[in-house]
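Order of listing sets the numbers, starting from 1, for every ligand and every atom in it. Count residues from 1 along the sequence.
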Amino acid sequence: MKNLLVTGGAGFIGSHLVRLLVHKYPQYRIINFDALTYAGNLENLTDVDQAPNYVFVKGDICDAEAVRLALKQYEIDTILNLAAESHVDRSILDPLAFVRTNVLGTATLLNEARSLWRDRTDVLFYHISTDEVYGSLGAEGFFTETTPYDPRSPYSASKASSDHMVRAYGHTYHIPFRISNCSNNYGPCQFPEKLLPLMIQHVQAGKPLPVYGKGENVRDWLWVVDHCTAIDVILHKGKDGETYNIGGNNEWKNIEVVYLLCELMDEALGQTPGTAAGLITFVTDRPGHDLRYAIDASKLKHELDWEPSMDFREGLRQTIRWYLDNPEWVVRVLSGEYQAFYEKQYAHR
Ligand code: NAD
Ligand code: DAU
């Protein structure tokens, strides 16, 4: 392994992963291939963008020629595919954008890798996916690597399709591949449309905190850097053709996580306890809202010796601190193309 193409490296998880790889593997060349959509922000990487083993290429994974050029020019032997449309609410408003990037884009990458790599065995297509492909759980049980796919939103259906394309190309054209399916990430640099950073912004602005439905839906929260260390372990110690589930073993009802966040926000802002929670407002539920996701990550623990390291309270404290210390980052990402969507989707709440 020498030349790694990380697609979506300017996004939330991608930027943490690029940072980890650039620091830990000076002998590798890390090519960040990103279209810089509303969710991609090179400011996430200003601390590593001068590193000698880092290169940024602005490109769209649906653009076969751009992908081909990058694969050839940098003699790519490993692809880590994180580029995606990633927000479920957006997928409900504009499903075809998700089909384009997540399905067509992944297929385009696979197709170009297939042409270039032929039957090479010293290469790897590592696809980063989500636990949402498995559908929704009731009160009991966990998703394992053998849980049948049952995606229920345009986002999760597009990610499930991309997983299927990766397995199909692997099986048909013998491209060595790995897939990991991860639970909800949190941490610095997450676009402020996702639950936790959205709530942090609204508490600061004294705006209502929109909890969908009754707030009974359950998510399994994982510190973003723990996700990246899992990817690193799978990249270096995983087996070709295998799937690995990644989770935090950290289930919370949305309403509970919002109360905890409010408590920590009051603490961070020096407010009277209960001030932030007073902003909680129950709003119309997300259409088709999956009730519960919960990951069984025991395969990763037993086979590759990976476990999450961050305590949730501490991770939330660090996340809040980062957003409070970086208001200009928030202003910049909330401007431009994102603003129209923001007005339509959130401004009335
Ligand atoms: P994000 O939305 O923050 O970032 C996506 C990145 O992909 C951005 O930098 C964007 O510019 C880039 N991108 C989008 N379309 C592109 C295209 N056509 N060509 C090239 N680049 C493009 O997403 P994220 O939360 O960092 O998620 C990264 C990956 O991890 C996604 O594949 C997502 O499905 C998966 N995932 C996310 C989570 C989570 O909780 N955020 C959990 C499990 C899996
Ligand atoms: O499970 C992994 C997935 O987690 C990733 O694949 C996705 O890319 C990522 O966006 C995330 O999806 P969710 O839909 O779970 O994340 P989101 O932050 O949008 O919402 C978390 C929960 O909070 C969900 O049950 C919906 C709810 N919610 C969300 C928002 C934005 C609210 O109640 N209010 C809100 O304003």
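Set against the non-hydrogen atoms of S183, the atoms of ligand 1 under 4.0 Å away are 40 (O), 42 (C), 43 (C). The contact set between ligand 1 and K159, taken as ligand atoms under 4.0 Å from a residue heavy atom, comprises 31 (C), 32 (O), 33 (C), 34 (O). Those atoms of ligand 1 that come under 4.0 Å of a heavy atom in Y155, given as number and element, are 33 (C), 34 (O). Residue L82 has at least one heavy-atom neighbour below 4.0 Å for each of these atoms of ligand 1: 28 (C), 29 (C), 31 (C), 32 (O). Atoms of ligand 2 found under 4.0 Å from any heavy atom of E193 (numbered from 1 in listed order, with element): 31 (C).
The cationic atom of R118 (NZ for Lys, CZ for Arg) does not lie both less than 6.0 Å from the six-membered ring centre of Y173 and within 45° of the ring axis.
Using 4.0 Å as the threshold, C189 has no heavy atom nearer than that to any atom of ligand 1. Within the 4.0 Å heavy-atom shell around ligand 1 one finds I128. Note on ligand 1: S15 sits outside its first shell, no heavy atom being nearer than 4.0 Å. Not close to ligand 2: S156, with no non-hydrogen atom less than 4.0 angstrom away.
Residues meeting the side chain to side chain donor-acceptor pair (under 3.5 Å) test with D60, sequence neighbours left out: R100. Taking K301 as the reference, E307 meet the salt bridge (charged side-chain N to carboxylate O under 4.0 Å, His left out) condition, with sequence neighbours excluded.
Taking distance alone, with nitrogen or oxygen atoms compared against 3.5 Å, N184 stays at or beyond that limit from ligand 1.
Contacts of L36 with ligand 1, taken as heavy-atom pairs under 4.0 Å, involve the backbone alone.
Nearest to atom 19 (O) of ligand 2 by heavy-atom distance, out of K194, H202, R286, K253, is R286. Closest heavy-atom approach to atom 12 (C) of ligand 1 among the candidates N81, I246, D34: D34. Evaluated by nearest non-hydrogen atom to atom 19 (N) of ligand 1, the leading choice among V133, I61, T101, V57 is I61. The option from S129, A84, C182 that lies nearest to atom 44 (C) of ligand 1, judged by heavy atoms, is S129.
Closest protein heavy atom to atom 22 (C) of ligand 1: A83 CB, 3.7 Å.
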